[in-house]
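To keep things clear, I will list the structure first and then write my remarks on it.
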Amino acid sequence: MEYTIIEGNYAKIGVSKVADTVYFTFEGEKEQKCAILLYTVNDNEIRIPVPDEYCIGALRSVGIRGLKWKKMNYNYEIDGKLLFDQHARKVIGREKWADAGRLNQNHPVRAGFDFAGFAWDGDRFPEIPREQMVMYKLNVRAFTMDAGFSGKKKGTFAGVMEKIPYLKELGVTSLEFMPVYEFEELIAEEGKKQNLEGWSENAKEGFLLEDSQPPSYKINCWGYVAGDYYAPKASYSATGEPSLELKTLIRELHKNHMECILEMYFDEKMNQNIAVEILRYWVMEYHVDGFHLLGAALSVDAMAQDLILRRTKLFAEGFSRRLFQEETSYPHLFVYNDDFLYASRKMLSRNHGNMPELLGQLKRQHPVFGFVNFIAGNNGYTLADLFCYVQKHNEANGEDNQDGLLWNFSCNGGVEGMTRKRTILEFRRKQMRNAVTLVMIGQGVPLLMAGDEFGNSQQGNNNCYCQDNKTGWVNWSALKRCAPYAQFVSQMIAFRREHPVLSSSKPMQMCDYASKGYPDLSYHGENAWMLSNVYPDAVGMLYYGAYALREDGTEDDFIYIGLNFYMEPQCLALPKLPRRMRWNLAVNTADKDMPFCDPPKLVEKKHQIEVPPQAIVILVGK
């Protein structure tokens with residue numbers, strides 16, 4: 001093979017191509033002996049030393065002119081040690097999910113070349129305002145492994161794309177993906193380290209000494225580990241071209257006015273400058289709309305203030321106080337934590353609940369920050385299991401049921417797990433309706449976990465990180481079985497969309513600050529305009545629609561929400577409406593036959609409403 005070596009391009013870390021020259025830029029000190037190892041289709045190795053003088057700072061860079069790269073893979077060698085390119089855009093060797101056999105091969109995972117262009121066809125970022133967002137979180141594999149997906153599309157980006165029409169009809173605007181970058185899904189099982197004397201600490205090297213025993217593995221289904229952040233996961237591809245397949249999925253989401261939000265987990269070893277660079281890369285190369293930032297020592301402020309990420313949505317557990325004052329033309333920061341989850345669960349389960357805490361979470365909003373509201377996620381019970389189990393059942397994880405959250409604030413209605421008792425089943429269904437109603441009436445951005453809209457269960461396992469089976473997969477057959485509940489979820493999403501006062505990005509002031517005649521938000525007890533108990537478990541909330549405009553410029557309606565977490569019915573006062581207006585019942589979560597009224601039904605009593613036990617009612621003033 002004829003080629004020419006030239007000094008490289010230090011401005012772009014990783015592998016890039018200009019005309020007939022391929023540039024390799026990677027971390028390496030000037031004092032280190034560095035080389036590029038090229039592998040041909042016949043597995044022949046070509047070693048190309050990098051001259052010592054090709055160095056700026058701690059970057060080494062070399063260009064190879066005339067390289068026949070299309071049928072090659074590569075790795076780096078530094079001071080005799082084999083290293084995988086952490087900036088590789090394609091990973092060779094992990095195309096098959098959880099393939100333990102590849103770790104016994106006599107060569108490591110390798111980096112591949114990916115210079116393929118992509119026709120974005122004028123693609124634009126949807127930039128959906130936070131008051132219109134409805135988020136839906138999923139794991140690519142678990143979401144698409146059900147029997148309803150065709151063989152090649154199981155566990156892949158292509159499988160997710162098949163569900164875009166379903167998600168759009170449900171009312172979802174923003175998909176949050178658990179890690180889709182390349183990560184090692186094989187975990188050597190704890191307690192079996194005696195078999196690992198010959199196992200390399202770096203799983204990418206994949207070497208076993210001749211006398212060592214093959215280790216036993218669990219599967220990391222979620223990917224919350226340090227990974228190869230520039231490469232989409234090869235085993236998530238149905239076509240063998242993961243980058244093209246993921247880009248096609250994102251392009252299709254954008255065509256449907258939907259967003260792609262990626263979870264990014266960075267551990268404490270991550271160089272924070274590189275972390276920012278990684279986010280930039282996914283925005284520019286894959287048109288990603290946002291990131292949920294997870295892990296340790298995150299440089300969240302730097303990410304929030306980066307100019308390229310300025311219109312990219314960033315979700316984190318918190319931000320520094322100095323960012324609270326920096327109002328911008330496009331708010332893109334979101335607080336994403338468990339505060340809403342616990343406040344809601346404690347009231348629903350009647351386990352140390354605090355109504356003022358819940359009311360505070362329902363109305364939490366900020367001019368600069370948005371908030372994400374959810375009651376169930378991947379870390380803990382599914383929404384259905386939240387009302388079926390009190391004790392976690394993680395025995396199948398192989399950790400003696402010691403893993404997973406200890407405090408779930410769940411309730412089972414009197415029977416642990418499955419039951420045929422109708423009263424308990426109906427109690428559980430009502431609680432699920434209560435839960436999704438709370439999520440949809442909160443001022444923050446509502447989020448559903450995949451399958452929660454139709455009662456997906458994990459049989460009480462609240463930590464399914466290693467359950468690559470029917471326990472951890474979304475069971476789509478439950479959609480038909482739980483059709484009435486799925487319809488209710490869709491109706492509640494539509495109700496939220498139709499009444500913008502419920503999702504206003506302006507924080508509620510609890511007063512009539514614009515002199516419109518009513519406060520923007522007010523609370524009511526047995527008597528209108530006052531709460532007789534400091535810590536009541538039943539409250540009426542009145543949203544005045546004049547403080548929010550619909551897309552056509554008209555004012556929203558009066559919305560009254562009656563919350564009752566007592567075991568008995570409670571009477572709540574209804575504020576007097578303007579002349580010729582009456583209250584109409586839109587939602588009653590205790591009504592098992594028609595919890596959502598379409599059209600709303602006229603309420604006979606003008607000044608009082610009886611809210612059933614442990615239920616939520618919503619009235620519309622018309």
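Because only heavy atoms are used, hydrogens play no part in the values below, and waters and symmetry mates are left out as well, while side chains stay in.
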Open item on the list: Quick one: does any side-chain atom of Glu285 pair with a main-chain N or O of Val283 as donor and acceptor, under 3.5 Å?
Closed with: no
Open item on the list: Taking atom CE as the centre, does Met284 end up with more than 12 heavy-atom neighbours from other residues, nucleotides or ligands that are less than 6.0 angstrom away?
Closed with: yes
Task: For Glu185, the option from Lys218, Lys96, Lys233 that meets salt bridge (charged side-chain N to carboxylate O under 4.0 Å, His left out) - done: Lys233
- [ ] Would you kindly say whether Ser174 and Glu259 are connected by a side-chain donor-acceptor distance under 3.5 Å?
- [x] yes
Open item on the list: Just checking Lys255: does its NZ atom have more than 12 heavy atoms from other residues, nucleotides or ligands closer to it than 6.0 angstrom?
Closed with: yes
- [ ] Report yes if the side chains of Phe387 and Tyr381 come closer than 4.5 Å at any heavy-atom pair, otherwise no.
- [x] no
- [ ] Report the residues that fulfil side-chain contact (heavy atoms from CB on, under 4.5 Å) with Gln459, sequence neighbours left out, ordered by chain and then residue number.
- [x] Tyr389, Ser457, Thr471
- [ ] Might you point out which heavy atoms bring Pro232 and Leu246 nearest each other, and give the distance in Å?
- [x] CB-CD2, 4.0 Å
TODO: Show your working on side-chain contact (heavy atoms from CB on, under 4.5 Å) between Phe183 and Trp222 and close with a plain yes or no.
DONE: CA-CA 9 Å; Phe183 61 88; Trp222 291 353; over 6 Å; no
- [ ] With sequence neighbours excluded, tell me which residues meet side-chain contact (heavy atoms from CB on, under 4.5 Å) with Cys221.
- [x] Ile219, Asp468
Open item on the list: Please check this pair: side chain of Arg497 against backbone of Met492, looking for a donor-acceptor N/O pair closer than 3.5 Å.
Closed with: no
Task: N/O donor-acceptor pair under 3.5 Å between Arg94 side chain and Val109 backbone - done: no
Open item on the list: Between Asp85 and Asn75 (side chain of the first, backbone of the second, donor and acceptor by atom type, cut-off under 3.5 Å), is there such a pair?
Closed with: no
Open item on the list: Can you confirm if the NZ or CZ of Lys313 lies within 45° of the ring axis of Phe334 and under 6.0 Å from the centre of its six-membered ring?
Closed with: no
Open item on the list: Please report whether the ring centroid of Phe266 lies less than 6.0 Å from that of Tyr229.
Closed with: yes
Please tabulate, one pair per line, all N/O donor-acceptor pairs under 3.5 Å involving side-chain atoms of residues 441-448, not counting sequence neighbours.
{"from": "Gln443", "atom 1": "NE2", "to": "Ser504", "atom 2": "O", "distance (Å)": "3.2"}

Task: Criterion side chain to side chain donor-acceptor pair (under 3.5 Å) on Thr382 and Asn456, from CA distance to verdict - done: CA-CA 7 Å; Thr382 67; Asn456 184 64; 5.7 Å; no
- [ ] Name all residues meeting the side-chain contact (heavy atoms from CB on, under 4.5 Å) criterion together with Asn412; count only those two or more places apart in sequence or in a different chain, and write none if there are none.
- [x] Val390, Glu416, Arg428
Task: Cation-pi geometry met for Lys154 and Phe149 (6.0 Å, 45°) - done: no
Task: Pairs meeting criterion side chain to side chain donor-acceptor pair (under 3.5 Å) with involvement of residues 164-173, two or more places apart - done: Tyr166-Glu453
Open item on the list: Strictly distance-based, threshold 3.5 Å: is any side-chain N or O of Arg345 a donor or acceptor partner for the main-chain N or O of Asn408?
Closed with: yes
Task: Polar contact flag, side-chain donor to acceptor under 3.5 angstrom, Lys470-Asn475 - done: no
Task: Contact list for residues 437-469, test ring-ring contact (aromatic ring centres under 6.0 Å, His included), sequence neighbours left out - done: Phe454-Trp476
Open item on the list: Using every non-hydrogen atom in the two residues, find where Phe340 and Gln361 come nearest and quote the distance to one decimal.
Closed with: N-OE1, 3.4 Å
